[in-house]
There are 2 protein chains.
Amino acid sequence: MRNRRPAPRTARASAQGAGNKRARRHTAGGGYARGEHTRQRLLEAGIELFAELGYERASTRAIARHAGVSLPALQYYFGGKEGLHRACAEYIMEDVRSRLGPAAERVRLALERSDLTRAQLLELLRAVVEPFLEGLATDRPESWALFFARVQGEHNAAFEAIFEQIGRRLLATAIEIVSRILGLPAASPEVTIRSVFIVGQLTLVRRARPIMLRTLGWTDFEGERLQTLKEVVWKGITSSLSPGPKASQ
Amino acid sequence: MRNRRPAPRTARASAQGAGNKRARRHTAGGGYARGEHTRQRLLEAGIELFAELGYERASTRAIARHAGVSLPALQYYFGGKEGLHRACAEYIMEDVRSRLGPAAERVRLALERSDLTRAQLLELLRAVVEPFLEGLATDRPESWALFFARVQGEHNAAFEAIFEQIGRRLLATAIEIVSRILGLPAASPEVTIRSVFIVGQLTLVRRARPIMLRTLGWTDFEGERLQTLKEVVWKGITSSLSPGPKASQ
DNA sequence: TTGATTTTCTATCACTTGATACAAATCAGT
DNA sequence: ACTGATTTGTATCAAGTGATAGAAAATCAA
């Protein structure tokens with residue numbers, strides 16, 4: 001509710017799709033590759049600052065300065081702050097999808113068969129869960145996972161629109177597998193809740209990372225320590241899915 | 001970095017403890033009970049708006065308007081926005097402590113004994129975990145749990161200072177119990193990670209609440225549904241702590 | 001009531017934010 | 001080189017932010 005001028009001098013903003021979606025008309029016509037560079041710089045700077053400071057505190061000026069371009073470039077290429085944020089989310093999501101998509105597809109395909117053993121189902125769950133865990137525990141492209149975590153916390157438009165697209169799939173796959181392992185209908189509360197927890201644990205790795213590291217006296221989750229983390233997490237998941245000894249209660 | 005004036009006309013702000021701590025000098029000297037009312041209104045409005053909008057987006061003006069008082073009242077009673085936020089956190093924390101403190105104390109006392117059975121240890125864990133779960137799943141004072149979740153996401157000063165005070169205790173107790181159940185040293189990665197997950201699951205209930213409810217087709221966690229949730233969560237915890245069948249793999 | 005103190009309110013400050021207008025610079029195709 | 005489009009930069013806008021000054025009102029102790 002900040003930039004709603006009562007009477008904009010020109011009608012350009014309102015004539016261009018509410019002023020925030022799709023403002024770049026440069027990639028449409030071919031050529032003019034020069035701008036693509038600054039566009040990229042803006043994306044990277046955006047991801048970094050949004051991740052570090054959150055949506056509100058990351059000012060467009062700081063982002064532009066960080067990218068080494070002028071402020072209006074941001075409006076020009078992304079139509080505004082929200083547009084940039086959205087683009088950042090899509091950029092990350094695209095990368096995540098390209099890295100996790102194949103595995104997910106393979107799992108979904110394998111799930112077609114109805115004669116899978118418990119061990120096989122667990123293996124499929126692991127195949128879809130483990131890359132995620134690695135991506136969130138590690139901080140290789142620190143800002144990416146952080147950006148992810150931010151978007152989750154703030155209820156931006158980017159969340160519902162983008163995160164859902166990948167979170168839902170992951171959850172749906174988890175539900176399918178858990179349902180079959182436990183031998184319960186996919187719609188049953190038990191299956192849903194447990195699946196949400198399994199998927200949620202992954203994001204928890206990111207959120208609780210500093211606390212975990214501090215408590216353990218570690219500095220990161222790399223190499224052997226990452227293996228340990230994965231092992232413990234996985235052991236927890238499998239045993240929580242075991243038909244094993246009735247919980248003492 | 002917004003209100004750092006180069007040369008403040010008066011030195012009051014800097015003469016009053018950096019300007020954000022303890023600005024209310026009304027409760028010190030007795031009497032003048034009139035103000036306590038607006039102070040309370042500001043706290044409630046603060047909790048509500050901070051919870052709904054987050055720290056940044058909740059403007060002092062909106063809070064004051066919501067509380068039905070004028071803007072400077074906020075400065076007067078809490079020294080500023082940050083002071084109010086801190087006060088809100090303390091206010092909630094105080095209530096949480098009063099509701100969970102006794103049980104926690106009882107558990108800590110019971111842990112003195114070293115001859116506790118697995119079942120007894122589990123019971124203690126449950127005693128300290130369950131009230132938390134209820135508080136986060138329910139939305140009686142919707143804003144409270146939401147405020148809690150917000151503070152967790154944004155890295156406000158309130159987080160480190162306040163949340164730690166209660167989160168650390170809970171985590172420490174969980175570690176102690178898990179360590180004894182698993183028969184591993186408290187400092188071992190397995191114990192730490194598993195404990196963090198147990199505690200983290202509780203906050204996850206809040207964060208993933210809308211997703212879980214939507215997936216289940218429920219509207220809230222009340223009555224029987226709350227029972228189901230608690231049951232499933234608890235079953236997951238116990239079986240993840242079971243010495244049971246070695247995880248397949 | 002008086003007088004000191006606490007509490008509230010109006011107006012305003014200094015500053016930041018996101019967004020624009022518009023001219024200058026750059027580029028591609030001829 | 002010329003032309004038309006794209007891209008960048010300067011200066012500026014309007015709105016909104018948290019905070020303050022300072023007078024007016026309300027409150028309590030005497």
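Numbered from 1 within each chain, the chains take letters A, B, ... in sequence-line order.
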* Roughly, in whole Å, what's the span from CZ in A:Phe50 to P in C:dT17? -> 13 Å

* **Nearest-neighbour nucleotide for the B:Ser70 side chain, C:dA19, D:dA19, C:dT8 considered** => C:dT8

* To do: Please determine which of A:Glu44, A:Arg86, A:Gln40 meets the side chain to side chain donor-acceptor pair (under 3.5 Å) test together with A:Tyr91.
  => A:Gln40

* Atom NE2 of B:His37 to atom C1' of D:dA26: distance rounded to whole Å? -> 16 Å

* To do: Starting at atom CZ of B:Arg65, determine the distance to atom C1' of C:dT8, rounded to an integer number of angstrom.
  => 18 Å

* Asked: So does A:Thr38 get a side-chain nitrogen or oxygen closer than 4.0 Å to the phosphate oxygens (OP1/OP2) of D:dT8?
  -> yes

* Asked: Reckon B:Tyr77 has a side-chain N or O less than 4.0 Å from the OP1 or OP2 of C:dT8?
  -> yes

* To do: Round to a whole Å and report the spacing from CG of B:Leu71 to C1' of C:dT10.
  => 11 Å

* Asked: Which whole-number value in Å describes the distance from A:Glu56 CD to D:dG16 P?
  -> 15 Å

* Asked: Rounded to the nearest 0.5 Å, how far apart are CZ of B:Arg194 and CD1 of B:Ile237?
  -> 11.5 Å

* Does B:Thr60 put a side-chain nitrogen or oxygen below 4.0 Å from OP1 or OP2 of D:dG18? -> yes

* Asked: Does the side chain of B:Ser59 get closer than 4.0 angstrom to OP1 or OP2 of D:dG16 through an N or O atom?
  -> no

* Between the base of D:dG16 and the side chain of B:Arg61, is there a donor-acceptor distance below 3.5 Å? -> no

* **Interatomic distance, A:Tyr76 OH vs C:dC22 C1' [rounded to whole Å]** => 14 Å

* Asked: For DNA chain C, whose closest nucleotide is more 5', that of A:Arg57 or that of A:Pro72?
  -> A:Arg57

* Between A:Tyr55 and A:Phe50, how do the two ring planes meet: parallel, tilted or perpendicular, split at 30° and 60°? -> parallel

* Asked: Rounding to a whole Å, what distance do you find between B:Leu42:CG and C:dT7:P?
  -> 13 Å

* Do A:Lys81 side-chain atoms and A:Leu74 backbone N/O form a donor-acceptor pair below 3.5 Å? -> no

* **For atom CG of B:Leu74 and atom C1' of C:dT7, their distance in whole Å** => 14 Å

* Lys/Arg-Asp/Glu bridge criterion (N-O < 4.0 Å) met for B:Glu36, B:Arg39 -> yes

* Name the nucleic acid region contacted by B:Ala62, choosing base, sugar-phosphate or nothing; use a 4.0 angstrom heavy-atom cut-off, strictly under. => nothing

* Asked: Are OP1 or OP2 of D:dT20 and a side-chain N or O of B:Gln75 less than 4.0 angstrom apart?
  -> no

